[in-house]
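Inspection log for the structure reproduced underneath, given as structure tokens.
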2 protein chains.
Amino acid sequence: MGMARRPARKPRDQYHHGDLRAALIHAALRRIQRDGVAGLTLRGVGEDLGVSRTALYRHFADKSALLATVAAQGFMTLRATLVAAWEQAGKGRRGFEAMGQAYVRFAITNPSYYRVMFGGALEGLARDPELEREGAAAFQVLVDALVEQQRARLVRADEPLQLARFIWAIVHGIAMLAIDGLLPPDNVAVDSLARFAMERLRSGIDPGR
Amino acid sequence: MGMARRPARKPRDQYHHGDLRAALIHAALRRIQRDGVAGLTLRGVGEDLGVSRTALYRHFADKSALLATVAAQGFMTLRATLVAAWEQAGKGRRGFEAMGQAYVRFAITNPSYYRVMFGGALEGLARDPELEREGAAAFQVLVDALVEQQRARLVRADEPLQLARFIWAIVHGIAMLAIDGLLPPDNVAVDSLARFAMERLRSGIDPGR
DNA sequence: ACCTGAACACCGTTCAAGT
DNA sequence: ACCTGAACACCGTTCAAGT
């Protein structure tokens, strides 16, 4: 009984070591990335973790609560990605364009993830408050970047919220069309569309003179 | 045996009168509008029609084939809506703006319908050829309207396809955000955003001078 | 507190059988 | 040809029971 701290043996069905909740989220995300949202089953994540298929109900009210948590994490990651792109490209016009590109890239890199974040899977469902909060925080990054550009006279003085929604719709629209296979399927084409969009967004589609 | 043409009695389980297929599509659409895509069950549409729940397999390969047909019909309706808006507003700049408004209104008026039309429900699925065709036809309306405006020097001479994808992304983005409850939930606000978008689309977001 | 196993009420789909 | 009914292999969720 000397080396007491080290357990004699740990059978592989030992995810109760403290954070089954985190493990469930992680396993769910992996399943989603592999099989899509429709392929996510509670029984499946239970198996992955060597845990009963009902163990999850100790940590989440139901399947949609688990999905909401996954989505909230997605928005955290997205926000970090956007901030990084904006700052690394030196803010301003270049930074803003980089942010737009980063948004679309995030979506096409994690299509199932992105789909969970936006209504598709939670259609008509009561939205989770944490999810609301993280979504709002990600949106705020865009608003802040716009206001900063307005102060520097890089963007016209429209109502920032309306402007932000408009631009969000553009990148979200490109992202969704790409994910749903309605754009030429190579990433280069999507990238090029995103770049084109950020450019036309600046100057508009009216003729040159 | 005189009045031979009129059947003696027709029990209400008589949808086999010739077009069960059309009846199935219609019933599916009604279910989707009432309960959302997730609420659509083959057993349910069978019940609605007083028909066995497997009768449908005579007319569709599976559930996703039924959904694809519903979606294709949706694109037909959307195309008609767009053409009507474009022509009734006299084409040109005004017509184009009306078309954008009509697109977004179609989506928020038929949210579940719209969701079936775009990947959400068919995620990762082989796409139906008829669906492809109808989707492409609806898109073509937008391309044509753009080319016509380019000829009239109302729109700058960019690559029409790229331009069309950009503008499609805008209205699709607004539509999806609205449907998924990520915009202020009143239709007036969505309308106002759509109008703002069509305007900024023209002039861009760069400062006035 | 945390987890299990059986049970329940649902699904989509297949298939032999009826007309 | 077209439809039925039973059966199969799945679901999410509940709940009494174990530790």
Side-chain angles (χ1 to χ4, degrees), chain A residues 7 9-25 27-28 31-32 34-71 116 120-126 128, chain B residues 7-25 27-28 31-32 34-71 112 116 120-126 128:
Chain A
R9 63 201 193 103
K10 39 174 174 176
R12 73 172 58 76
D13 53 315
Q14 278 308 52
Y15 257 104
H16 341 55
H17 64 304
D19 213 349
L20 176 57
R21 188 187 140 90
L24 284 165
I25 297 171
R31 282 250 164 191
I32 291 168
R34 212 189 51 200
D35 306 327
V37 192
L40 172 71
T41 74
L42 301 190
R43 292 156 131 91
V45 312
E47 271 173 29
D48 288 352
L49 266 42
V51 119
S52 158
R53 54 188 179 274
T54 61
L56 152 155
Y57 287 91
R58 286 296 123 196
H59 297 97
F60 298 96
D62 53 20
K63 187 180 185 177
S64 79
L66 173 60
L67 279 174
T69 304
V70 171
V116 178
L122 305 165
E123 179 188 1
L125 238 77
D128 181 275
Chain B
R9 63 201 192 104
K10 39 172 176 178
R12 74 172 59 75
D13 53 314
Q14 278 309 53
Y15 258 105
H16 340 54
H17 63 305
D19 213 349
L20 176 56
R21 189 188 139 90
L24 284 165
I25 296 170
R31 282 250 163 190
I32 290 167
R34 212 189 51 200
D35 307 327
V37 192
L40 172 71
T41 74
L42 302 190
R43 292 157 130 91
V45 311
E47 272 172 30
D48 287 352
L49 265 42
V51 120
S52 156
R53 55 190 181 274
T54 61
L56 152 154
Y57 286 91
R58 286 295 124 196
H59 297 97
F60 298 95
D62 52 22
K63 186 180 186 179
S64 79
L66 173 60
L67 279 174
T69 304
V70 170
S112 303
V116 177
L122 304 165
E123 178 187 1
L125 237 77
D128 181 275

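Every chain is numbered from 1, with letters handed out A, B, ... down the list of sequences.
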Are any protein N/O atoms closer than 3.5 Å to N/O atoms in nucleotides 16-18 of chain D? If there are, list each pair with its distance.
none

Please examine the side chains of B:I32 and B:L67, heavy atoms only from C-beta on, and report whether any two atoms are closer than 4.5 Å. yes
Carefully, step by step, assess B:I25 and B:V70 under the rule side chain to side chain contact (heavy atoms under 4.5 Å, CB included). CA-CA 6 Å; B:I25 296 170; B:V70 170; 4.2 Å; yes
Point-to-point distance, once rounded to the nearest 0.5 Å, from CG of A:L24 to NE2 of A:H59: 7.0 Å
Set of side-chain hydrogen bond (donor to acceptor under 3.5 Å, both in side chains) partners for A:T41, sequence neighbours left out: none
What N/O pairs connect the protein and nucleotides 11-13 of chain D at under 3.5 Å? Give each pair on its own line.
from: D:dG12; atom 1: OP1; to: A:L42; atom 2: N; distance (Å): 3.2
from: D:dG12; atom 1: OP1; to: A:K63; atom 2: NZ; distance (Å): 3.1
from: D:dG12; atom 1: OP2; to: A:L42; atom 2: N; distance (Å): 3.3
from: D:dG12; atom 1: N7; to: A:R43; atom 2: NH1; distance (Å): 2.3
from: D:dT13; atom 1: OP2; to: A:Y57; atom 2: OH; distance (Å): 2.8
from: D:dT13; atom 1: OP2; to: A:K63; atom 2: N; distance (Å): 3.1
from: D:dT13; atom 1: O5'; to: A:Y57; atom 2: OH; distance (Å): 3.1

If you round to the nearest 0.5 Å, how far is CZ of B:R31 from CG of B:L40? 8.0 Å
In whole Å, what is the span from the NE2 atom of A:H59 to the P atom of C:dA1? 13 Å
Option passing side chain to side chain contact (heavy atoms under 4.5 Å, CB included) with A:S52 (candidates A:T54, A:L49, A:L56): A:T54
In whole angstroms, how far is the P atom of C:dA1 from the CZ atom of A:R21? 18 Å
Side-chain heavy-atom pair A:L42, A:K63 within 4.5 angstrom cut-off: yes
Show me the dot-bracket string of DNA chain D, counting Watson-Crick or G-U pairs under 3.5 Å, with | for pairs to another strand and [ ] for crossing ones. ||.|||||...|||||.||
Give the minimum heavy-atom separation between B:V37 and B:S112, together with the two atoms involved. CG2-O, 4.1 Å
In whole angstrom, give the distance that lies between atom CG of B:L24 and atom C1' of D:dC2. 13 Å
Rounded interatomic separation in angstrom, taking CG from B:D19 and C1' from D:dC2: 14 Å
Partners of B:T69 by side-chain hydrogen bond (donor to acceptor under 3.5 Å, both in side chains), sequence neighbours excluded? none
For A:A28 and A:V45 the tightest heavy-atom approach is CA-CG1, 4.0 Å
